[in-house]
Each structure stands twice: as C-alpha cells, then as structure tokens.
Asks: 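Can you keep this structure in mind? I'll have questions shortly.
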Amino acid sequence: MREFFRPVIYNALCSAGITTDKSINIEQPADKKFGDFSTNIALLVAKECRRNPRELAQAIIEHLLFPPDTIARIEVAGAGFINFYLAPLFIMQSVEKVLLEGDEYGKGSVGQGKKAIVEYVSANPTGPLTIGRGRGGVLGDCIANLFETQGYEVTREYYFNDAGRQMQILGESVQLRYLECCGKSVEFPANHYQGEYIREIAEEIYHDQGTGFAESTELLMFKKRAEEIIFASIRKTLERLGIRHDSFFNEHTLYTPDEKGMTANQSVIDALREKGFIAEYDGAIWFMTTKLGQEKDKVLVKSSGEPSYRLPDIAYHITKFERSFDMIVNVFGADHIDEYPDVLEALKILDYDTGRIKVAINQFVTTTVDGQTLKMSTRKGNADLLDDLIDDVGADATRLFFIMRGKDSHLNFDVELAKKQSKDNPVFYLQYAHARICSLLRMARQEIGFEADSIQEQSLLQQLNSPAELQLGFALLDYPDMIKTSLRLLEPQKMVEYLHSLAEVFHRFYQECPILKAEPDIARARLFLALATRQVLRNGFRILGVSAPESM
RNA sequence: GUGCCCGUAGCUCAAUGGAUAGAGCAUCAGCCUUCUAAGCUGAGGGUUACUGGUUCGAGUCCAGUCGGGCGCACCA
C-alpha cells in the first residue's frame, strides 16, 4: 500500500517544483483521526526550501494525482502533515483482492530470482535441545518463511561440528557412564556432561553390547553412538515444532583437502596473510585484529595445530558466498554475540560484500512456573529441555510464545499462561478468531446456502461501509505491508502483533454486525469479509508456523 | 574493568524521529431467549530509570550516570 502513495507524491513534488534527496516516508498515524496514511514530507523539505511547512504541504496537495475512487480526502494538519483518507469503496475492493489471491495474498516479488540462506539452530550434537535454542529455532524458521513470501529461494541450513573438544568430552562422559553400567566405580569429572540423557545412551550401549567395551580404551564408538542418538533426538524435537532444514553443513568438510590438497581453512589463512593480517607467535597463528583497533589478536590455529572455532567459521561463511547466496542470514543467541564481528571483519578484508549478511540475535529465555523463574542453565543436568516444554504447552503455544516478544528483549515464558485454554492466552485468542469464522461459514452454508466460491457475488462487498466493516477491511489491506516490515526488521513479532489486532478488529465486527440475520445481500457481503479475514489469518499463521483450527 | 542487549501502567510487553505514549493481564462497571461470551463495550491507572545535548519535533538519535541480563579462552 505504501508503494501506492510514493510515486504519486514523488510526481507531485516534481510538479510543484520541489527537488529533494529525502526519501518519501509514508506512515500510519496512531490515531485514525489523522487519516489512514500520512506523510511528513513537507516537514522534511521545508528547511531546504526555506518555506513554511503547511504552505508547502498545501502546494504539494494541489499536484497530487491519485486514480479515481481511491482517496476520499486529503488534508494538511498539524505542523505540516499531509493526511490521506481511503475511499470506502477502495477498501472493499481490496478485500476482493484478498479473496482472489487466496493463499498468495500478501506475497511479494522483491526476492524473485534471488537466493537466501538462513542458518539457525546449529547446535552441536552434545545434548538435547534446550529452551533457549528453541527460541532461535523458531525465530529462524519464521524468518525463512518471511523470505519465502517475497519470492526468495530459501535454503535452511544447520551448521554443526562433530569433531572438536566438546564432542570428545561427550564421548568420555558416555564411556564413564557405560563403565558404571558394567558395575565399575568411576570418578565422573565436573566438567563432563551431567545430564540424565548420557546415562540413557550408556544404558542403550550396555544393552546392545553387554560388557564388551568394559576393558577397551576405544572412545570413537561411544562418540559416534552418542552423536547419532543425540542428533536423532534433536531432529525429532525440531520436527515437533515444524522446523526442518534443507541442509546440514558439517564443519569437518572445511578441514578436508580438495583435489589440490588444499583445505578451506588453509585458504583463509593464505588469503588473510596476503592482506597482511596474519601473525605467528607463541606457537599459534593469529588474526591480527589489533590492526583493526581491538585489544588482542584472535587465535586462528592453536599451538596444538588445531584450528580454533573462528577459522572454520570464516571459511564457512565464504562457502555461503561461493554458493552465490544473495542474502545471508545468521540467527543465533546472545551468548554468541562476540563471535560474528571478527568473521565480518575477516570477510571484509577478503573483499566479500558483507552488506549481504544480516544477523538476528535473540536474547535469552527464562521460564516461569507458578511465578517462580527457572533460569536456563548450560551443561548441568538441570537445563530445561525444549521437549519438556512442548509436552507441557504444545507446539503452537511454544512457537508463538517464542516470537511474541521482540528478539532483543529477554523472554519471560510463562508456562502456566501458555497452558491456559482461555482468552488470557494469546495463542487461543488468535486461533479462536479463525475457528469462529469457520463455524460461522459452516452455519452460513446450512442456513442461507452461502457458497464461498461464488466469485461473481464478491462485488457485494462494495456496499459495506460501517466503521467496523471498514476497519476490518483496512486491516486486511494492510497485511502485505506488515510482512515487508516484519522481514525488513527480521522480526516475526510484528506479525504476531498484527494478527492479534486483526483478530481484535474481527471480533468487534462480529459483535457489532449481525451476519446471518442481515438482509441477504448484506449477509453475503459480510460473509465474504469474514472469509477474507480467515484467509489472512491462515496466511499469517502459515508464516508463524501455527495451526489454524477449524473448530475449538 | 570492557563489548553487546534491556530499563515504558501494579505485571507481561508495543510504539519505521512525528500529532494526546498504546495493548493484554490484573482491578472496577456493563453486554448472552440472538451467527462459538475462548467474545465485546467502558473506567481508573504514566515525570517513558536519571541528567544533559542534537531539531520544527525525542520513549526512539548522541554523551554521561544508575540498575538488570549475556559475553569477554590457544571452548564452540
């Protein structure tokens, strides 16, 4: 809708002889008495034109040329705002468009022919997914969905590492528990994985193998087995939330030589060396971030000869460029906040276009049960598990709660609230609106023989003009802009808020406007309005990955 | 100590630099012989942590102060 205004205003500026490099800003006033849309362009250019803003606004208005029957009223208000009021007919014609486009309504084409990669979850297979990971998972999934709505070809990627020290400790942890199963007494170090799941894996191995490995120092079998079991459990948990990845990228491939005997990691070092950003001292290889104003250099290759995580991370991102993605999105938790600036710096030095990279960082989650807050903890056995949460509140509530706050805010997950089957629970509020419409449509078919697909009758919508009807129509027309905003900010929360307000406006319409009892043409028109509302709810739910129940 | 995030109604949170800072919950008062009351209407509730600055205009941007969270390894 905003794109509807911009060219018209731009042309008016030209006609009025105003030249500016300021971008034309279209906003929705918080208060409807200031119009459906407004622009502050007169205020912005007043200074450089040395003219009074209101007078300038008046001059612009005189040159505005909108298509007929679209704008009902234009006025200058306040300090120099130009306010636009949409024509009721235009709003209702937009509702027809919703019905016409159906599942496609709200989609855009800026991403047509472009490739995007969204990397999210990326947990190493050292344990079951925690609640904190869940937030990033849902966030990433929704962001990927948003990109798809704009025509991007999206790859959902999971980056993981099954080598490294943590996996070593995992293997040892399982081995020790296994020895316990074999009846040996062992000392279990505090820095090993304490979780109950380790014991379960050990028991499984004991069940299959008996005491066959009791005397062996062989660690690989324990590691492999643990990895398999844990990865399967992670994928199962994600599946429960409707999260699936197209691609699993194993960090290990970056250590594997190509046909010329070169590893991706080594190429990064060579390239950085050529740019003069590599130093060698203390037996290690360093990325000279001190040249970039940082306090310390960063280790790329440890004195043991193993790369630190930073090096493969850079190499990994280079593969994203080499795989020719136009848009590169990384989703991760606040605990990795210090990680990506170095990667970006390195990529910049190597002349990659880091403008394509977007990073979405989500803050942590605390869960509250009965008003008590349980803090998420890391490697201890008491980490709260995503699976338990899903068991407790269901997949829909889990998904929606994770994204109903801004990603920069700490999330307070009220488990009691998420379980409630009442209006306090935002999940039910949204889904109820959908179910209510479904029920209404069922009733309409029965009582007055309403058929949803009788397209020739949809123009009946144009006779609707009460405030509640227009408010609902306007909300529907606003949907495509909401998707764009949500995507631009990488913030699915905007969609949640929008859908909540749409549900609210619908409930008001439902309350104020009798439908089945209205005279036949009005009844049909209102049913089409309800039908369009259901369509937008569905489209929005699909982006958020929340189900749309037919009845509740 | 330092980097990043946050501080808005009693609680949980909104507000692309715009007009009188908004929702939900909770509290109080109304609306079901009528399409799902899992709903709707209304009321009360605020020095946007604090102090300065930038400008036509600041909750929003900048500087500083105070509070909370997360990082700050030759772990990932």
Side-chain angles (χ1 to χ4, degrees), chain A residues 2 25-31 33-34 38 40 43-44 46-47 53 77-81 83 122-124 126 160-161 164-167 169 191 251 282-286 294-296 298-310 312-313 333-339 341 361-364 366 368 371 375 404-412 414 417 420-426 428-429 431-433 435-444 446-448 485 488-489 493-494 497 500-501 503-504 506-518 523 526-527 530 551-552:
Chain A
R2 287 164 204 240
N25 201 4
I26 311 293
E27 54 192 77
Q28 282 185 35
D31 192 330
K33 80 180 180 205
F34 296 124
S38 75
N40 62 354
L43 287 161
L44 293 180
K47 196 165 195 178
F81 294 99
N83 297 340
S122 294
N124 284 339
T126 55
F160 71 102
N161 171 19
R165 192 172 147 64
Q166 294 307 319
M167 290 301 290
I169 293 176
N191 69 345
E251 181 184 321
D282 295 345
I285 300 177
W286 303 78
Q294 296 192 26
E295 279 181 28
K296 288 198 299 189
K298 301 290 171 62
V299 174
L300 293 181
V301 180
K302 301 184 254 180
S303 53
S304 66
E306 288 174 308
S308 79
Y309 71 91
R310 224 175 296 267
D313 232 26
D335 51 339
H336 286 235
I337 196 90
D338 278 345
E339 171 175 333
I361 296 168
N362 64 280
Q363 293 296 319
F364 271 16
T366 53
T368 67
K375 250 189 129 178
M404 75 183 191
R405 303 292 177 230
K407 62 182 187 298
D408 289 333
S409 294
H410 291 233
L411 176 65
N412 206 324
D414 185 335
L417 178 61
K420 253 191 201 168
Q421 311 258 320
S422 78
K423 65 176 176 179
D424 324 354
N425 185 343
F428 282 82
Y429 186 83
Q431 293 185 324
Y432 174 61
R436 202 177 205 188
I437 295 171
C438 290
S439 165
L440 174 66
L441 292 170
R442 279 193 298 270
M443 198 69 80
Q446 233 172 54
E447 305 268 317
I448 64 170
T485 301
R488 179 170 49 83
L489 302 173
Q493 184 222 13
K494 300 289 169 228
E497 289 207 333
H500 193 275
S501 74
E504 199 170 29
F506 171 76
H507 286 309
R508 186 172 308 138
F509 156 74
Y510 184 91
Q511 196 78 20
E512 285 181 19
C513 304
I515 299 170
L516 300 181
K517 295 191 168 44
R526 288 180 175 160
L527 283 164
S551 64
M552 290 171 72

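Side-chain atoms are counted along with the backbone in the values below, which use heavy atoms only and exclude waters and symmetry mates. Throughout, a chain's letter reflects where its sequence line sits, starting with A, and its residues are numbered from 1.
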Asks: Decide, for B:C13, between syn and anti: a glycosidic angle within 90° of 0 counts as syn, anything else as anti.
Replies: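 Classified anti.
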
Asks: With sequence neighbours excluded, tell me which residues meet side chain to side chain donor-acceptor pair (under 3.5 Å) with A:Lys517.
Replies: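 With neighbours one apart ignored, the set is empty.
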
Asks: Could you tell me whether the side chain of A:Asp338 has a donor or acceptor atom within less than 3.5 Å of a complementary atom in the base of B:A73?
Replies: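 In this structure, the two groups form no donor-acceptor pair.
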
Asks: Going by ring centres under 5.5 Å and near-parallel planes (under 30°), is A:Phe81 stacked on B:A19?
Replies: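 Yes.
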
Asks: Please list, chain by chain and in numerical order, all residues satisfying side chain to side chain contact (heavy atoms under 4.5 Å, CB included) with A:Leu417, sequence neighbours excluded.
Replies: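 Applying side chain to side chain contact (heavy atoms under 4.5 Å, CB included) to A:Leu417 gives A:Phe401, A:Asp414, A:Asp424.
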
Asks: Work out how far the C1' atom of B:G53 is from that of B:A14, and round it to whole angstrom.
Replies: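 After rounding to an integer number of Å, I get 27 Å for this pair.
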
Asks: Does A:Ser308 reach the main-chain N or O of A:Val299 with its side chain, forming a donor-acceptor pair under 3.5 Å?
Replies: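 Yes.
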
Asks: Restricting to ring pair (Phe, Tyr, Trp, His ring centres under 6.0 Å), what partner residues turn up for A:Phe160, sequence neighbours left out?
Replies: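 By the ring pair (Phe, Tyr, Trp, His ring centres under 6.0 Å) rule, A:Phe160 matches A:Phe231.
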
Asks: Rounded to whole angstrom units, what separation is found between the CZ atom of A:Phe428 and the P atom of B:A37?
Replies: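 Nearest whole value for this atom pair: 17 Å.
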
Asks: Got a donor-acceptor contact below 3.5 angstrom from the A:Asn124 side chain to the A:Asn161 backbone?
Replies: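 Side chain of A:Asn124 to backbone of A:Asn161: a pair is present.
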
Asks: Taking only residues two or more places apart in sequence, or in another chain, which ones meet A:His507 in a ring pair (Phe, Tyr, Trp, His ring centres under 6.0 Å)?
Replies: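 A:His507 satisfies ring pair (Phe, Tyr, Trp, His ring centres under 6.0 Å) with A:Tyr429, A:Tyr432 only.
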
Asks: Not counting sequence neighbours, which residues clear side chain to side chain contact (heavy atoms under 4.5 Å, CB included) with A:Arg488? List them please.
Replies: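 Counting only residues at least two positions away or on another chain, A:Arg488 forms a side chain to side chain contact (heavy atoms under 4.5 Å, CB included) with A:Thr485.
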
Asks: Does A:Ser409 make a side-chain N or O approach to OP1 or OP2 of B:A14 shorter than 4.0 Å?
Replies: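 Yes, because at least one side-chain N or O of A:Ser409 sits under 4.0 Å from OP1 or OP2 of B:A14.
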
Asks: Residues two or more places apart in sequence or in another chain: which of them pass salt bridge (Lys or Arg N to Asp or Glu O under 4.0 Å) with A:Arg2?
Replies: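 Salt bridge (Lys or Arg N to Asp or Glu O under 4.0 Å) list for A:Arg2, sorted by chain: A:Asp481.
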
Asks: What residues form a salt bridge (Lys or Arg N to Asp or Glu O under 4.0 Å) with A:Glu447, not counting sequence neighbours?
Replies: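 So A:Glu447 forms no salt bridge (Lys or Arg N to Asp or Glu O under 4.0 Å) with any residue.
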
Asks: If you assign A:Glu497 and A:Glu295 each to the RNA chain B nucleotide with the nearest heavy atom, which residue ends up on the more 5' nucleotide?
Replies: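 Per heavy-atom nearest nucleotide, the more 5' residue is A:Glu295.
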
Asks: Shorter than 3.5 Å, N or O on both sides, protein versus nucleotides 53-57 of chain B: list them out with atom names.
Replies:
unit_1 : atom_1 : unit_2  : atom_2 : d
B:C56  : OP1    : A:Lys47 : NZ     : 2.9
B:C56  : OP2    : A:Lys47 : NZ     : 3.4

Asks: Take A:Ala435 and A:Ala334, find for each the nucleotide of RNA chain B with the closest heavy atom, and name the residue whose nucleotide sits nearer the 5' end.
Replies: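 Whichever sits nearer the 5' end wins; that is A:Ala435.
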
Asks: With a 4.0 Å limit, can you tell me whether A:Gln431 has a side-chain N or O closer than that to the phosphate oxygens OP1/OP2 of B:A38?
Replies: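 No, because none of the side-chain N or O atoms of A:Gln431 sits under 4.0 Å from OP1 or OP2 of B:A38.
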
Asks: For A:Arg436, give me all partners under salt bridge (Lys or Arg N to Asp or Glu O under 4.0 Å), at least two apart in sequence or on another chain.
Replies: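 Result, salt bridge (Lys or Arg N to Asp or Glu O under 4.0 Å) vs A:Arg436: none returned.
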
Asks: What pairs with A:Lys494 under salt bridge (Lys or Arg N to Asp or Glu O under 4.0 Å), at least two apart in sequence or on another chain?
Replies: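 A:Lys494 satisfies salt bridge (Lys or Arg N to Asp or Glu O under 4.0 Å) with no other residue.
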
Asks: Give me the distance, rounded to whole Å, that separates B:A29 from B:A58 when you measure between the P atoms they each carry.
Replies: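 Here B:A29 and B:A58 have their P atoms 41 Å from each other.
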
Asks: Does A:Arg508 place a side-chain N or O at less than 4.0 Å from the phosphate oxygens OP1/OP2 of B:U41?
Replies: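 It does, given that an N or O in the side chain of A:Arg508 lies less than 4.0 Å from OP1 or OP2 of B:U41.
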
Asks: Give RNA chain B the dot-bracket treatment, 5' to 3': Watson-Crick (N1-N3 with N6-O4 or O6-N4) or G-U (N1-O2, O6-N3) under 3.5 Å, [ ] crossing, | other strand.
Replies: (((((((..((((....[...)))).(((((.......))))).....(((((..]....))))))))))))....

Asks: Polar pairs (N or O, both sides) under 3.5 Å between protein and nucleotides 33-35 of chain B?
Replies:
unit_1 : atom_1 : unit_2   : atom_2 : d
B:U34  : O2'    : A:Lys517 : NZ     : 3.1
B:C35  : O2     : A:Leu516 : N      : 3.0
B:C35  : N3     : A:Ile515 : N      : 3.3
B:C35  : N4     : A:Tyr510 : O      : 2.4
B:C35  : N4     : A:Cys513 : O      : 3.4

